[in-house]
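Here the structure comes first, spelled out in structure tokens, and everything after it is commentary.
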Amino acid sequence: MNIYRVTQALYPYVIGGSPIHCHELSYYQSKKNNQVTVLTPKRNSKIEELNINYNLKQYKWFKLPWDFYGMENPICPGLWWELLKSDFDLLHAHSHLFFTTFFSVIISKIKNKQTVVTIHGVKAVRNKAT
């Protein structure tokens with residue numbers, strides 16, 4: 001299966017539950033003979049090389065005013081362009097409150113592809129707005 005995973009943050013560039021989850025899931029799914037590609041915003045990091053089995057594509061993103069207060073919500077046109085031109089079987093997006101997820105899901109639905117969104121967070125509100 002050709003899986004495209006979209007996440008706003010990925011381990012080891014960002015330390016935390018969701019970034020580690022995305023890295024580990026991608027690593028183990030790729031070891032099970034799935035073609036896994038992770039699409040994520042490019043972080044300023046000194047990590048040169050990762051020992052991973054999956055494809056990693058990082059994209060420049062626009063910083064918005066709230067990003068400077070630690071509430072990053074990346075806008076990545078290159079990431080969405082990649083989804084538009086790619087052929088994948090499944091889109092797995094993470095954290096429903098991010099622009100990376102929102103627009104990726106719209107693109108996946110336009111392309112009539114299977115889509116899964118994983119909700120991360122202790123108090124993840126589920127209503128029509130989210």
Side-chain angles (χ1 to χ4, degrees):
M1 179 177 278
N2 188 9
I3 303 167
Y4 269 50
R5 177 160 291 114
V6 173
T7 181
Q8 81 289 353
L10 185 68
Y11 176 83
Y13 304 102
V14 177
I15 307 297
S18 175
I20 292 171
H21 168 79
C22 290
H23 167 74
E24 292 286 319
L25 188 59
S26 300
Y27 178 81
Y28 286 106
Q29 282 180 330
S30 65
K31 288 189 75 110
K32 295 283 186 183
N33 295 324
N34 293 294
Q35 181 68 29
V36 179
T37 302
V38 177
L39 310 174
T40 189
K42 185 172 180 59
R43 304 288 176 167
N44 293 331
S45 177
K46 296 184 182 192
I47 299 169
E48 295 295 324
E49 188 167 323
L50 295 174
N51 184 15
I52 57 176
N53 290 357
Y54 56 88
N55 299 316
L56 175 60
K57 296 185 177 185
Q58 298 176 314
Y59 299 90
K60 288 184 181 181
W61 52 293
F62 297 107
K63 290 193 180 278
L64 299 171
W66 53 78
D67 292 337
F68 299 101
Y69 296 106
M71 299 182 295
E72 294 178 349
N73 198 342
I75 294 189
C76 301
L79 187 150
W80 301 316
W81 178 249
E82 177 72 24
L83 283 174
L84 278 169
K85 67 179 186 171
S86 297
D87 187 29
F88 53 89
D89 300 317
L90 172 71
L91 172 72
H92 185 186
H94 291 265
S95 298
H96 66 300
L97 299 175
F98 290 94
F99 292 127
T100 49
T101 298
F102 180 76
F103 290 111
S104 296
V105 169
I106 289 173
I107 291 167
S108 182
K109 291 299 181 185
I110 290 169
K111 294 180 72 161
N112 200 27
K113 299 292 186 175
Q114 293 183 14
T115 307
V116 174
V117 177
T118 298
I119 310 295
H120 294 276
V122 176
K123 293 182 79 175
V125 176
R126 290 165 180 86
N127 60 32
K128 289 183 181 181
T130 56

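Below, all heavy atoms of this structure are taken into account, side chains as well, without hydrogens, waters or symmetry copies. Just so we're clear, the structure is a prediction, and the values are computed from it rather than from any experiment.
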Checking the side chain of Ser108 only, and the main-chain atoms of Ser104 only, is there a donor and an acceptor separated by less than 3.5 Å? no
All side chain to side chain contact (heavy atoms under 4.5 Å, CB included) counterparts of Ser95, not counting sequence neighbours: Gln8, Ser18, Phe98, His120
Working note: Leu10 + Leu56, criterion side chain to side chain contact (heavy atoms under 4.5 Å, CB included); need CA distance, chi angles, decisive distance, verdict. CA-CA 10 Å; Leu10 185 68; Leu56 175 60; 3.4 Å; yes
Please assess Gln35 against Asn55 for the test side chain to side chain contact (heavy atoms under 4.5 Å, CB included), listing each intermediate value before the final yes or no. CA-CA 8 Å; Gln35 181 68 29; Asn55 299 316; 2.5 Å; yes
Under the ring pair (Phe, Tyr, Trp, His ring centres under 6.0 Å) test, residues paired with Phe99 that sit two or more places apart: none
Side chain of Thr101, backbone of His94: donor and acceptor closer than 3.5 Å? yes
Mind checking side chain to side chain contact (heavy atoms under 4.5 Å, CB included) for Lys60 and listing every partner two or more places apart, or none if nothing turns up? none
Can Leu25 be reached from Leu39 by stepping across I, L, V, M, F, W or Y side chains whose heavy atoms are under 4.5 Å apart? no
Considering all heavy atoms of both residues, which atom of Thr115 and which atom of Leu90 are nearest to each other, and what is their separation? N-CD1, 4.1 Å
Closest heavy-atom pair and its distance - Gln29, Ile3: OE1-CD1, 3.8 Å
Would you say the side-chain atoms of Lys111 pair up with the backbone N or O of Leu84, donor to acceptor, closer than 3.5 Å? yes
Could you report the tightest heavy-atom contact between Thr100 and Val6, atom names first, then the distance? O-CG1, 3.7 Å
CA sep, side-chain torsions, deciding dist, call: Ile75, Trp80, side chain to side chain contact (heavy atoms under 4.5 Å, CB included): CA-CA 9 Å; Ile75 294 189; Trp80 301 316; 3.8 Å; yes
Quick check: closest heavy atoms across Leu91 and Leu83, and the distance to 0.1 Å? CD1-CD2, 4.1 Å
Mind jotting down which residue pairs meet the salt bridge (Lys or Arg N to Asp or Glu O under 4.0 Å) criterion with at least one end in residues 77-95? Sequence neighbours excluded, please. Lys57-Glu82, Glu82-Lys85, Asp87-Lys113
Residues that Glu24 engages under side chain to side chain contact (heavy atoms under 4.5 Å, CB included), provided they are two or more places apart: Ile20, Tyr28
Any idea which heavy atoms bring Val36 and Tyr54 closest together, and the distance? O-CB, 3.4 Å
Contacts of Tyr59 meeting ring pair (Phe, Tyr, Trp, His ring centres under 6.0 Å) (sequence neighbours excluded), chain-then-number -> none
What's the spacing between His23 NE2 and Tyr11 OH if we round to 0.5 Å? 6.5 Å
